[in-house]
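These notes are about the structure you will find just below.
The first residue of the sequence shown is numbered 1, and numbering continues consecutively from there. What you see is a predicted model, and the numbers here were worked out from it, not measured in a lab.
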Amino acid sequence: TGSELESIGEFAFNSCEGLTEVIIPASVTTIGFAAFGFSGLTSATFENPLLWYHTTSSDNTNGTQILSTDLENTATAAEYLTNNYRGESWYRLESNLPADWIVWSEGANGYIINNGSTTLPAELVIPNTYNDGEHGEANIVDIEDVLEGANRLAGGFYNNDDIVSVVLPSTITSLKFQAFGDCDNLKHIRFAPNAQITSIDSTTFGVTNLKSIVIPASLTDMSLISLAELESIVVEEGNTKYTSRDANGNECNALIEIATNTLVMGCKNTVIPNTVEVIGDAAFAGCEGLESITIPNSVASIGENAFYSC
């Protein structure tokens, strides 16, 4: 592999039976027709598994999206390259947010997302920047509230049932009132690399059935309440306020405040590490999938409603 590689040509590894593993660098945006067809691949690692499409079109258009969850499975990715879509070419997009969802904001001096009418893709990736041809290229800086006079009604994606997963741009610094409220099918949230977000409002996700969230290193104000379907909580390395790991570096699927050793938020797969001294208020509230939990001897205090409605 090479960090400057952008394309893998047609038939490049076709019928190469001795090839069993490959890493597709994040820099690659196209894979040519039958590039890995009939090869011996059993493992394919995509450094960037987002927004890949397979197509029979010669100009890499009108493709069918391949879910990133499939490409994150190295065996499945290999099967797709060598068998399922071997007779097609592949291409990758940087974003798939329809343009009518992006509007210029003079006050923010950047673009905001605010209630478009076009159907959204199930796996949504929001770009960092946009150019509408009038205001030039600028950052996407906010998911705007829907306003009625002085009253906030909901966020830009409120009550949208199209989205299953979303990658948020690094340029957004906060998530506000009901930004993804009542998005019943939303399961996974992640942020683009080098995220700048510092706060998430307690109403951001409303009553979504969120299953996983990756919390970036920049986030220092987390008001997200426990969600009934949540299965995975991961905090990126480098976050100075929160962690999701125990003393040995093992993931424990919980949001833990480092300075106070307080478990702020848990989920049904949480394993409470023996570094935790406090289980915070409402830490597991509404976590309907939680069937059992072991509370280590290190815990000296359990907050109000910590296990309410579990």
Side-chain angles (χ1 to χ4, degrees), residues 143 152 155 166 168 172-184 186-191 195-310:
I143 298 175
R152 296 188 306 175
V166 63
L168 293 165
I172 285 180
T173 58
S174 64
L175 288 176
K176 301 175 182 176
F177 179 75
Q178 290 280 12
F180 292 94
D182 285 352
C183 292
D184 290 342
L186 181 61
K187 301 291 191 295
H188 310 288
I189 292 280
R190 69 178 88 175
F191 294 83
Q196 300 173 33
I197 189 165
T198 58
S199 65
I200 293 181
D201 185 84
S202 62
T203 67
T204 293
F205 299 106
V207 293
T208 56
N209 298 314
L210 200 66
K211 289 188 178 294
S212 71
I213 183 167
V214 178
I215 297 167
S218 59
L219 189 66
T220 56
D221 182 8
M222 184 74 174
S223 301
L224 178 64
I225 60 172
S226 293
L227 298 165
E229 299 297 322
L230 201 60
E231 298 175 351
S232 173
I233 304 168
V234 175
V235 180
E236 287 184 351
E237 295 279 2
N239 193 305
T240 58
K241 184 170 183 179
Y242 300 114
T243 185
S244 57
R245 288 166 287 280
D246 63 19
N248 296 317
N250 300 311
E251 289 291 346
C252 55
N253 285 309
L255 184 69
I256 301 168
E257 189 176 61
I258 297 169
T260 61
N261 293 319
T262 298
L263 192 152
V264 178
M265 183 177 69
C267 67
K268 68 179 184 180
N269 291 328
T270 293
V271 176
I272 304 176
N274 58 15
T275 53
V276 168
E277 298 175 7
V278 178
I279 297 175
D281 294 348
F284 291 91
C287 188
E288 297 173 359
L290 183 68
E291 297 181 353
S292 65
I293 194 83
T294 299
I295 298 175
N297 292 334
S298 59
V299 173
S301 173
I302 298 177
E304 290 187 16
N305 298 316
F307 295 91
Y308 178 76
S309 194
C310 287

### Message
On a heavy-atom basis, which atom in Ala195 and which in Pro216 lie closest, and how many Å separate them?
### Response
CB-CB, 3.7 Å

#### Entry: Where Gln196 and Ser218 come nearest, the two heavy atoms and their spacing
C-OG, 3.5 Å

### Task
For the pair Asp184 and Leu186, evaluate side-chain contact (heavy atoms from CB on, under 4.5 Å) and give the outcome as yes or no after the intermediate values.
CA-CA 6 Å; Asp184 290 342; Leu186 181 61; over 6 Å; no

Partners of [X] by side-chain contact (heavy atoms from CB on, under 4.5 Å), sequence neighbours excluded?
| X | value |
| --- | --- |
| Ser199 | Ser174, Asp221 |
| Thr198 | Thr220 |
| Asn250 | Asp246, Asn248 |

### Query
Leu175 versus Leu168: any side-chain heavy-atom pair under 4.5 Å?
yes

### Message
Less than 4.5 Å apart, side chain to side chain, heavy atoms only: is that true for Thr240 and Ile258?
### Response
no

### Task
Could you please spell out the steps behind the side-chain contact (heavy atoms from CB on, under 4.5 Å) verdict for Ile256 and Tyr242?
CA-CA 5 Å; Ile256 301 168; Tyr242 300 114; over 6 Å; no

Would you compute the distance between atom [atom1] of [X] and atom [atom2] of [Y] and round it to the nearest 0.5 angstrom?
| X | Y | atom1 | atom2 | result |
| --- | --- | --- | --- | --- |
| Phe307 | Ile293 | CZ | CD1 | 6.0 Å |
| His188 | Leu210 | NE2 | CG | 8.5 Å |
| Cys287 | Leu230 | SG | CG | 7.5 Å |
| Ser232 | Lys187 | OG | NZ | 15.0 Å |
| Phe191 | Leu219 | CZ | CG | 6.5 Å |

Please identify each residue that fulfils side-chain hydrogen bond (donor to acceptor under 3.5 Å, both in side chains) with [X], with sequence neighbours left out.
| X | result |
| --- | --- |
| Asn239 | none |
| Glu236 | none |
| Thr262 | Thr260 |

### Message
So, using salt bridge (charged side-chain N to carboxylate O under 4.0 Å, His left out) as the criterion, who are the partners of Arg245 when residues are at least two apart?
### Response
Glu237, Glu251

Contacts under 3.5 angstrom, residues 269-286 side chains, donor-acceptor by atom type, not counting sequence neighbours:
residue: Asn269; atom: ND2; partner: Glu231; partner atom: O; Å: 3.1
residue: Thr270; atom: OG1; partner: Asn253; partner atom: O; Å: 2.5
residue: Thr270; atom: OG1; partner: Cys267; partner atom: N; Å: 2.8
residue: Thr270; atom: OG1; partner: Cys267; partner atom: O; Å: 3.1
residue: Glu277; atom: OE2; partner: Asn261; partner atom: ND2; Å: 3.3
residue: Asp281; atom: OD1; partner: Glu304; partner atom: N; Å: 2.9

### Query
Can you check side-chain contact (heavy atoms from CB on, under 4.5 Å) on Ile215 and Met222, steps first, answer last?
CA-CA 9 Å; Ile215 297 167; Met222 184 74 174; 3.8 Å; yes

### Task
Check the pair Met265 / Ile233 against side-chain contact (heavy atoms from CB on, under 4.5 Å), numbers first and verdict last.
CA-CA 9 Å; Met265 183 177 69; Ile233 304 168; 3.8 Å; yes

#### Entry: Check: Val234 main-chain N/O paired with Ser244 side-chain donor or acceptor under 3.5 Å
no

